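When reading the values below, keep in mind they use all heavy atoms of this one structure, side chains included, and skip hydrogens, waters and symmetry mates. Keep in mind it's a predicted model, so treat the numbers as computed, not measured. Lettering of chains follows the sequences in order, A, B, ..., and the numbering in each one begins at 1.
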Amino acid sequence: MNTTRLLTAVSASLAIAGLVMSGPAQAKVEGDTIILGSAISFTGKYSTNGIHAKNGYELGVMKINEMGGVKVGGKTYKLKVQYYDDESTPLRTAQLLERLVNQDGVKYFLGPYSSATTKAAAPIMEKYKVPMIEAEGASRSLFNKGYKYLFAVLSTSEQYLASSISLAAEIAEKNGKKASDIKVAMAFENDPFSLDVRAGVLEDAKKYGMKVVIDDKMPRDLNDISSTLTKVKALKPDLLVLSGHSKGAATGARQIKEMKINVPMIAMTHCEAAKITSKFGASTDDFLCPTQWAETLSYKDKYFGTAADYDKLFKKTFEGYKNVPYQSAQATAAVLVWKEAFEKADSFDTTKVRDAISSIEMETFYGGIKFSPAGNNIAKPMVLRQIQNGQYNVVAPSKWASHPVNWPRTAK
Amino acid sequence: MWDNIAILTAAPVFNIQLLLDGLFIGATFALAAYGLALVWGVMNVKNLAQGDFVMMGGYIAWWLGTQGIHPLWGLPASIVIMFAFGWAVYVLMIRRVIDKDMFTSLLATFGLAIVLAQALNLMFGPEVQTAESDFPIRSYFDNAVTIADIKLVAFGLCGLLALAVVLFMKNSRMGQAIRATAQDARAARVMGIDTDRVYAFTYALNAAICGAAGALISMIWVIQPFYGISHSIRSFVIVTAAGFGNLPGVIMAGLGLGVMEQYGGFVLGAEYQQATVVALLLGVLVWRQIEMRRHRQVVQ
């Protein structure tokens, strides 16, 4: 009995001591350092891209601090990011953000990785009226809920593969066919991101009057789409569109090779993340892959120089990267927006900073940044790249194209 | 849905593709399910980590592939490694829950499944992986039917492994001991059989069989740390449909499930491919229930 009482007393006093020591929430700006908070995935299913994003944040912070930091009220401040690992689960993201706000006193946020976790983050930001600039949540459902404190530097997901539809229409017309004769086969994973991609494709296909002959949804544990591909063989579409994160790209590329699928045009997301060129070799030639950013684009800014300069610096700073993932580039861009926003607001007041973000218009190595009232970036288009001899070359939209598109694709 | 059925009747050649794909993958399902039937029948342990053992085997073959060794060598390697791993798991964990009630063993193996999936994720990352055999791919009927040679090889190896296990259970001393323990553990102990060792061997053998199935799956399908659960579910469906001691039943159910999945995916759409498995389980359970009621009435 006595031991129980003693234990209770000890734990109670420990709890009180903990409360006292954690102190008042004053950590948003510590001395000459502005703390940005982020709950992001270091473990779990999003860990690969979570770490890409973190490296992007770190490079942005490094560069800004190197160039003298952020000037607010005549004083310069350094940036620092406080991270927590959300284990790739939205519930954990929400808990950790509450913790960052309530216990660590952080008032400015960088986003998590993935639409699902960002979806969990947005209501927390609204509740505490603290702004978040995110770079990795592209679902359009993030931007139709009237959130005021969520801003995204990347293009939203319905734009990902829509450009493949207009490219197919362009090619058809060039070959004397009508765009409305084109048969489209689609397979999308049944998750918020991929369904957004699907919505964009459907909308554009409808605009051209194209016929959708296959519209399959792939399950979450997707390890086989051969039945869908058998349908593709039977119905011979002109365009095959696939999206299901890295696993969809890997499974798709493998089975397209194994079943010798011969469609004149194949477009899919996450080609690079799934490393399909190194895994499946020449069979992936002429696949079309959308990207938020490519190092060959002619964007530039005063921090990093051109997109190619960023690419070089990133590879020098972080070992083991053969290609710089766009996930990293956009993460860096989010940090750049924070710097400009603080300087524009010239204050640490969250409302003023929020208003400054919403009115920002800037050019970066990652592309233009200007937020719509809903918070998504409307200044930067998606680009479409084609795998040509194992290289990713920009082929659409024609303004940014560095190579002509190969068409029709033949199975290898 | 009717459009898709119309394709199959108008161009029956696509049935061949679906059937073959279903049979090839179904063979690996049957292999993993036979392991489960063994553990369930002999030890009365419902091993929820079954699918994660399969993934472990897959990662062994894939890892060898990345080291420049042909992933087919992953088959013997994963049999050996998974046998040792299964034995260790038995000694550390299963031995302690084997005589407890059903929920204890379910919870224990469920916990094991989570730990294994997360460990694989930490070691190899969350990406989908495939082991490349680089075998040729044949096509027939003007490319309407394609068969990757590795699938044929995997099918043959599944058959050989199943045969080897059957011969082992029939002819070896350990096989006889396992069967005796399955029939009546107490009587087997009275007859001088070390049932603890039999259990350990059975569990290890199951892990080895799963490892073999996984190695083959990594070459003909894809693997990912969290895909174990869907393989566990398939194993349970097959064993529930076929019963424990019924190897031909397990093989038929496994192959049938593979084919059903392919047809489910084709006719109803890919999103229903795995739902077909669960619907099938439900159907089997209802049918069993009706059959048993009829049986009870006859007995009365």
Check your understanding: What distance do B:Q224 atom CD and A:T251 atom OG1 have between them, rounded to the nearest 0.5 Å?
Key -> 9.0 Å
Review point. Sequence neighbours excluded, which residues qualify as ring pair (Phe, Tyr, Trp, His ring centres under 6.0 Å) partners of A:H270?
Key: A:F193, A:H245
**Study point:** CA sep, side-chain torsions, deciding dist, call: B:Q273, A:D224, side-chain hydrogen bond (donor to acceptor under 3.5 Å, both in side chains)
**Key:** CA-CA 9 Å; B:Q273 187 159 336; A:D224 177 33; 2.7 Å; yes
Practice item. Could you tell me which portion of A:T228 (side chain, backbone, both or neither) has an atom closer than 4.5 angstrom to a non-hydrogen atom of chain B? Key: side chain
Practice item. Could you look at B:L122 and say if it's the side chain, the backbone, both or neither that has a heavy atom under 4.5 Å from chain A? Key: side chain
Check your understanding: So is A:K233 actually on top of B:F14's ring, under 6.0 Å and inside 45° of the axis?
Key -> no
Review point. What part of A:I261 gets closer than 4.5 Å to chain B, counting heavy atoms only: side chain, backbone, both or neither?
Key: neither
Check your understanding: How far does CG of B:N15 sit from OG1 of A:T230, to the nearest 0.5 angstrom?
Key -> 10.0 Å
Point to revise | When A:E189, A:R254, A:M259 are compared by non-hydrogen pairs under 4.5 Å with chain B, the top option | key: A:R254
Check your understanding: Checking heavy atoms, do the side chain of B:I7, its backbone, both or neither come under 4.5 Å from chain A?
Key -> side chain
Review point. Taking atom NZ of A:K315 as the centre, does the number of heavy atoms from other residues, nucleotides or ligands within less than 6.0 Å exceed 12?
Key: yes
Review point. Any donor and acceptor pair, going by atom type alone, linking the side chain of B:N143 with main-chain N or O of A:K260 inside 3.5 Å?
Key: yes
Practice item. Nearest 0.5 Å please: distance from the OG atom of A:S226 over to the CZ atom of B:F24. Key: 11.5 Å
**Study point:** Greater than 12 external heavy atoms within 6.0 Å of B:F110's CZ
**Key:** no
Practice item. State the CD-OG distance between B:E261 and A:S227, to the nearest 0.5 angstrom. Key: 9.0 Å
Revision key, fill the gap. Closest heavy-atom pair, B:Q274 versus A:P219, reported as atoms and distance to 0.1 Å, is NE2-CG, 4.2 Å
Review point. Near A:F314 CZ, under 6.0 Å, is it more than 12 heavy atoms from other residues, nucleotides or ligands?
Key: yes
**Study point:** A:K257 side chain near B:E132 side chain, heavy-atom distance below 4.5 Å
**Key:** yes
Check your understanding: When heavy-atom pairs shorter than 4.5 Å are enumerated against chain A, which of B:I217, B:V13, B:D3, B:I220 gives the highest number?
Key -> B:I220
Practice item. Could you look at B:V145 and say if it's the side chain, the backbone, both or neither that has a heavy atom under 4.5 Å from chain A? Key: backbone
Practice item. Please assess A:K279 against B:E127 for the test salt bridge (charged side-chain N to carboxylate O under 4.0 Å, His left out), listing each intermediate value before the final yes or no. Key: CA-CA 12 Å; A:K279 276 188 195 154; B:E127 305 307 335; over 6 Å; no
Exercise for review: Please indicate whether B:W63 has more than 12 foreign heavy atoms, meaning atoms of other residues, nucleotides or ligands, lying under 6.0 Å from its CH2.
Suggested key: no
Exercise for review: Could you look at A:A274 and say if it's the side chain, the backbone, both or neither that has a heavy atom under 4.5 Å from chain B?
Suggested key: neither
Exercise for review: Report, as yes or no, whether the 6.0 Å neighbourhood of atom CZ on B:F135 holds more than 12 heavy atoms from other residues, nucleotides or ligands.
Suggested key: yes
Practice item. Specify which of B:A275, B:S230, B:G265 makes the most heavy-atom pairs with chain A at under 4.5 Å. Key: B:G265
Exercise for review: Go through A:Q255, A:E258, A:K247 and name the one with the most non-hydrogen pairs under 4.5 angstrom from chain B.
Suggested key: A:E258
Review point. What distance separates A:D216 CG from B:L268 CG, expressed to the nearest 0.5 Å?
Key: 10.0 Å
Point to revise | Any B:Q17 side-chain heavy atom under 4.5 Å of A:L229 side chain | key: no
**Study point:** Residue B:A144 versus chain A: region with a heavy atom under 4.5 Å
**Key:** backbone
